[in-house]
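The chain is numbered in sequence order, starting from 1.
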Amino acid sequence: MLKSSDKQKKNSENFFEWGRAICYSGYREGQSPKTCIYPTYEQIKEDLELLDSLGFKYIRMYDPISYAEMTCDVIRDCGLGMKMMLGPDLISEVNNPGCPWMKTNYSEEELKQRAKRNDANIDKLIHIANKNPDIINAVSIGNENTPEWGANNVPVDRLVRFAKRLKEGTGKPVTFNEGAFEWEKIPEIAEQVDIISIHSYPLWYGNTVEEALEVNKTWYKKIKEMYPDKFVLFSEVGWATNCADFKQMKEGQANEENQKKYYDEFWKWADSEKIIAYMFEAFDEPWKGGNRPNEAEKNWGIFYVDRSPKLILRE
């Protein structure tokens, strides 16, 4: 008879037969989650047909909004067979003086209102997951909400409660999307989730493309050993094709040639090991960051924002 931890791992694996995966935020010029201007049905259809033609079986979206619901509609209407991991888009419930780019000083009342907003988003996530049980195959309690540098930090006890609510409310495998460095610090969350979802970014860590694969291998092995009874996947792995600043990334590393080399080597390993890994990301996102078009945050896609392919797809 399987132990409960073995049953949990087996159940998660049943939802994730091996296949290629990618993060999908298809905001075009003039569109943004900040302004609530979302892609249209036809634009989503164009995007998903592109991704389907490339063999992507899984997509990941971040927000429990009408855009995610319409994406489910497109998948179903077009018979694409894709499955979606969906998150709640949490905002900070604490002031974090350790965040280098956003200094906040919310009052206690403001923090309470932010927590209420997060509770409402968990409810929205449950609603969308239950409305689309044939498409949503995993739900997340949050995205990078625990780092010392984080702009959207949420207390661990709250994240644990979200995990319990999502399990009870959806019956889907529950995960948390967090950076590789943080997973060793949050065993309380790891205990509650079904799936450990790792973000690994050798480019951000200051590694060269030649070093990148070993960095990913090391973190995957370490976290698998840390949580042996859990199903482990990468929910973000990527390589930017442009970079305005070189405080963390090494100069000359963010380009299309290195993106191609990075993914060629990564997929050769991940495919051979049958590791689920969500590429970050499908399309460049001009709404992110500031006004400089060469900021790294805008340039992680394997397609440009006009849907023309980068080198990784042209060769």
Side-chain angles (χ1 to χ4, degrees), residues 2-18 21 23 58-64 68 83-91 93 115 118-119 121-130 132-133 135-147 150 152-200 219-237 274-278 280:
L2 290 174
K3 296 185 293 185
S4 60
S5 61
D6 293 330
K7 288 179 180 178
Q8 185 180 54
K9 182 178 178 183
K10 185 173 179 59
N11 181 53
S12 300
E13 288 173 338
N14 287 340
F15 281 88
F16 276 92
E17 294 180 1
W18 180 81
C23 298
Y58 300 109
I59 62 172
R60 178 185 170 211
M61 297 187 74
Y62 295 73
D63 315 283
K83 302 296 182 183
M84 180 194 297
M85 176 189 289
L86 184 60
D89 183 37
L90 302 183
I91 59 175
E93 296 185 8
N118 286 345
D119 283 324
N121 273 28
I122 294 292
D123 290 338
K124 290 177 185 176
L125 176 53
I126 292 170
H127 169 76
I128 295 173
N130 288 336
N132 300 279
I135 293 173
I136 295 176
N137 70 322
V139 289
S140 173
I141 63 174
N143 180 70
E144 296 182 351
N145 301 114
T146 66
N152 290 300
N153 284 15
V154 174
V156 167
D157 66 318
R158 286 274 290 163
L159 295 170
V160 166
R161 271 185 270 170
F162 292 159
K164 292 176 179 178
R165 283 176 61 190
L166 288 175
K167 281 184 186 180
E168 293 171 0
T170 69
K172 297 289 185 181
V174 174
T175 191
F176 178 49
N177 307 100
E178 187 54 278
F181 290 98
E182 275 64 54
W183 273 109
E184 56 190 335
K185 306 171 189 175
I186 48 174
E188 308 97 319
I189 294 175
E191 183 180 352
Q192 293 296 325
V193 299
D194 304 294
I195 302 166
I196 306 289
S197 291
I198 313 168
H199 294 178
S200 183
W219 276 114
Y220 184 75
K221 181 174 183 288
K222 182 175 182 178
I223 293 173
K224 287 276 285 186
E225 291 174 348
M226 197 180 305
Y227 302 114
D229 62 334
K230 300 292 181 177
F231 181 57
V232 179
L233 56 76
F234 289 100
S235 54
E236 287 186 16
V237 287
K274 297 293 186 286
I275 296 168
I276 300 289
Y278 289 77
F280 188 85

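Counting only N and O atoms by type, the side chains of Thr175 and Ser140 include no donor and acceptor under 3.5 Å apart.
Legend: residues meeting side chain to side chain donor-acceptor pair (under 3.5 Å) with Asn118, ordered by chain and number and at least two apart, are Glu93. Residues passing the side-chain contact (heavy atoms from CB on, under 4.5 Å) test with Ala277, sequence neighbours excluded: Phe234, Val237, Phe266, Trp267. Listed by chain and number, the residues in a side chain to side chain donor-acceptor pair (under 3.5 Å) with Asn130 amount to none (sequence neighbours excluded). Scanning for side-chain contact (heavy atoms from CB on, under 4.5 Å) contacts around Lys222 gives Glu184, Trp219, Met226, with sequence neighbours left out. Residues that satisfy the side-chain contact (heavy atoms from CB on, under 4.5 Å) test with Asn153, not counting sequence neighbours, are Val94, Asn96, Pro147. Contacts of Phe162 classified as ring pair (Phe, Tyr, Trp, His ring centres under 6.0 Å), with partners at least two apart in sequence or in another chain: none.
The main-chain N or O of Val174 is found under 3.5 Å from a side-chain atom of Asp194 such that the two form a donor-acceptor pair. Put simply, the side chain of Asn145 gets close to the backbone of Asn152: a donor and an acceptor are under 3.5 Å apart. Within the 3.5 Å criterion, the main-chain N or O of Gln192 finds a donor-acceptor partner in the side chain of Lys167.
Salt bridge Asp63/Lys124: absent, no basic N to carboxylate O contact under 4.0 Å. Salt-bridge check for Lys221 with Glu225: passed, with a basic side-chain N closer than 4.0 Å to an acidic carboxylate O.
In this structure, CD1 in Ile141 is found 9.5 Å from CD in Glu178, a value given to the nearest 0.5 Å.
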